[in-house]
Amino acid sequence: MSSLQTKLYSLEFTKALPLQSGTHFGPYTLKVETYGTLNAKKSNAVLICHALNASHHVAGVNDSGQTGWWDNMVGPGKPVDTNHFFVIGINNLGSCFGSTGPMSPDPATGIPYGASFPILTVEDWVLSQSYVADYFGVQKFAAVMGGSLGGMQAIAWGMMFPERVGHCIVIASSANLSAQNIAFNEIARNAIMSDPDFHQGNFYAHAVVPKSGLRVARMIGHITYLSNDDMAEKFGRVLRRPTGAKQDYQFSFDTEFEVESYLRYQGDKFADYFDANTYLLITRALDYFDPAMDYENDLSKAFAHIQANFLVISFSTDWRFAPQRSREIVKALLDNKHRVAYAEIDAPHGHDAFLLDDARYHALIQSYFVKMQGECN
Amino acid sequence: MSFEAIRADFSAIANWVKPNSTLLDLGCGDGVFLEYIRRAKQVKTYGVEISDEQVLACVAKDLDVIQQDLEGGLALFEDQSFDTVVLSQTLQTIHQTEAILREVVRVGKECVVSFPNFAHWSHRAAVFMGHMPVTKSLPYDWYNTPNVRVLTIKDFESLASKIGIRILDRVVLHDSQEVKWCANLFGSLAIYRVGRT
């Protein structure tokens, strides 16, 4: 197995980015990590788009000892094989892992943007990602791939730059959020915004972080990423007690059940590393994504100009981005007789399944990429 | 089923498929027919398949395949959206027989339906001897067969007329040879070209 050949970039863009909201934003920095080698024809580039809380650090172990968020998918000999493909991970604008975001200082004032950071959309991200492609001289991606919100970016790529993407790989995603899904996001945002430490988004100046809000936001998110069966199996009604101790109630509001302990741990961990304004921004981008809106809410019409081949994958127990939502994407592609393969993986892990190592899921991606290798030569 | 028998089956269907048309194969398995027809007739193809391994095999062949259960109908496909819809040796594995036949002729301008003929003399002989048949066209034991509806040529034709399916053409095969005489007795595989009445 050859090495991952990781390279880290901080790309500065001086030209302001025109945003869907009508304003412009810039200059800005995008943090980028690449793996593998771009071939001479520059035809083997794969863009991996991240979802809510991930980053440009897709694979391998970085200087801080953190393993990439899709390390089981991307690397030498892995389904997205970096021995054959040049993989690009970008930390999206507005995120909090090195790209310009609400916590970055506004050059005009010298203080963090905070609440003045503009609202971004999936399409804004895709436009900024196209400038990263330009930087590497990639005229056409072999594939743009992502799960959940990352899948939405892959869809937007297929629509906005039909001639610049060969394959769109859309996993556990949807062509827009349901009311229930927006509602979950609103609860999360509300938890953050009602935290007294939020200070209308300008908490940086107060040297505080709205941790309790972030904690609750992450807890509600986590519940929706798991299936009911998965939670039952992981935690059941088991009480949080030292090994050997009696499994009795303590009649208190402290951590009683294992599931509470898990949620509190996940919430605390998240509140320590994630920016509250970024959470608001990214969940709003999720809510706003609706590519059919400009086409009389007809997704088939919206997809008319797509040229890419699609691979769409859903997971049977994912109720946050249910298989039915993936089938809507598939139907719109079929209506246009676009090329599409669709797999519905019977997996117990809910929405999180797209990040996990499942033999059938990974075999499918591997097979799809092996087939793509021939097109890149 | 032998390789030759598959070929005879395929070429009989291919005779009905127009070049450069669109074709949907329901229960496409590992995609071997789709691969054949795509090459033989430059047809734009899609397959529907339920099994994980078969879907993977189709993806490896660079085929467009949709994973779904045919028992749930064909909601992903619009009316008359394909020139040809093929239901090849799959009808006998589906519980919702009438529903799937109605769906097939809704989606396809023309359709091909094929199935093993239970009335072939070898099957009749097996039953006469007191056993369920295990033959080339029905290769399973009664306790492990994926077939849930066994039918005969006569049965299919009477159901077709009952539910408003028009039979446009028929080829009956046995051991890769066309059977012209006493088809319901000497044919082990029936292939129909059908459409909406």
Side-chain angles (χ1 to χ4, degrees), chain A residues 79 143 166-171 175 298-301 303 306 308-316 322-347 353 358-376, chain B residues 17-18 20-31 34-35 37-38 41-86 103-104 106-109:
Chain A
H167 297 264
C168 294
I169 301 169
V170 178
I171 305 162
D298 184 341
L299 194 63
S300 303
K301 278 187 192 157
F303 281 1
I306 280 176
N309 299 356
F310 270 66
L311 173 62
V312 181
I313 297 175
S314 70
F315 299 93
S316 55
Q324 178 50 35
R325 304 311 315 275
S326 283
R327 283 187 222 120
E328 290 166 19
I329 298 168
V330 171
K331 178 165 191 312
L333 293 163
L334 285 169
D335 285 346
N336 286 287
K337 293 285 191 299
H338 291 322
R339 294 208 53 188
V340 53
Y342 171 60
E344 215 167 282
I345 310 276
D346 188 16
D358 177 292
R360 290 157 302 168
Y361 166 42
H362 278 193
L364 203 66
I365 302 273
Q366 183 128 36
S367 183
Y368 199 83
F369 272 85
V370 165
K371 179 198 79 178
M372 263 167 50
Q373 277 174 35
E375 301 167 15
C376 299
Chain B
V17 175
K18 293 180 192 75
N20 305 307
S21 60
T22 56
L23 181 142
L24 175 65
D25 186 3
L26 303 174
C28 65
D30 65 359
L34 288 174
E35 216 181 19
I37 198 77
R38 185 172 63 173
K41 296 275 176 138
Q42 283 76 52
V43 174
K44 187 166 181 58
T45 65
Y46 293 87
V48 171
E49 177 53 47
I50 190 167
S51 127
D52 291 332
E53 301 87 69
Q54 307 281 47
V55 167
L56 179 62
C58 289
V59 166
K61 291 187 173 90
D62 194 20
L63 291 166
D64 292 341
V65 61
I66 310 298
Q67 187 167 27
Q68 73 149 90
D69 186 353
L70 291 173
E71 301 279 8
L74 301 176
L76 287 174
F77 304 94
E78 290 289 330
D79 295 2
Q80 305 289 289
S81 57
F82 280 85
D83 295 318
T84 310
V85 174
V86 176
E103 281 288 81
V104 162
R106 175 184 67 79
V107 173
K109 289 171 191 157

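Quick note: numbers below take in every heavy atom, side chains included, and nothing from hydrogens, waters or symmetry partners. Here is how names work: the chains are called A, B, and so on, in the same order as the sequence lines, proteins then strands, and each is numbered from 1.
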With a 3.5 Å distance limit and no angle check, can you tell me whether B:Tyr46 reaches the backbone of A:Lys337 through a side-chain donor-acceptor pair? yes
CD1 on B:Ile66 to CD on A:Glu344, rounded to 0.5 Å: 10.5 Å
Let me confirm one number: the CZ-OG1 distance from A:Arg339 to B:Thr45, rounded to the nearest 0.5 Å. 7.5 Å
Output the distance between atom OG1 (B:Thr22) and atom CG (A:Leu334), rounded to the nearest 0.5 Å. 11.5 Å
Identify every side-chain donor-acceptor pair in residues 53-61 of chain B under 3.5 Å, counting partners at least two apart or on other chains, and give the distances.
unit_1: B:Lys61; atom_1: NZ; unit_2: B:Asp30; atom_2: O; d: 2.7

What one should report as the nearest heavy-atom pair of A:Asp335 and B:Glu78 is OD1-CG, 3.4 Å
Tell me which of these, A:Phe310, A:Tyr368, A:Tyr342, has more heavy-atom pairs under 4.5 Å with chain B than the rest. A:Tyr342
Please classify the contact of A:Arg360 with chain B as side chain, backbone, both or neither, using a heavy-atom distance under 4.5 Å. side chain
Please classify the contact between B:Leu63 and chain A as side chain, backbone, both or neither, with a heavy-atom cut-off of under 4.5 Å. backbone
Please look at B:Asp52 and chain A and tell me whether the side chain, the backbone, both or neither of the residue comes under 4.5 angstrom of a heavy atom of that chain. side chain
What part of A:Val370 lies closer than 4.5 angstrom to a heavy atom of chain B: side chain, backbone, both or neither? neither
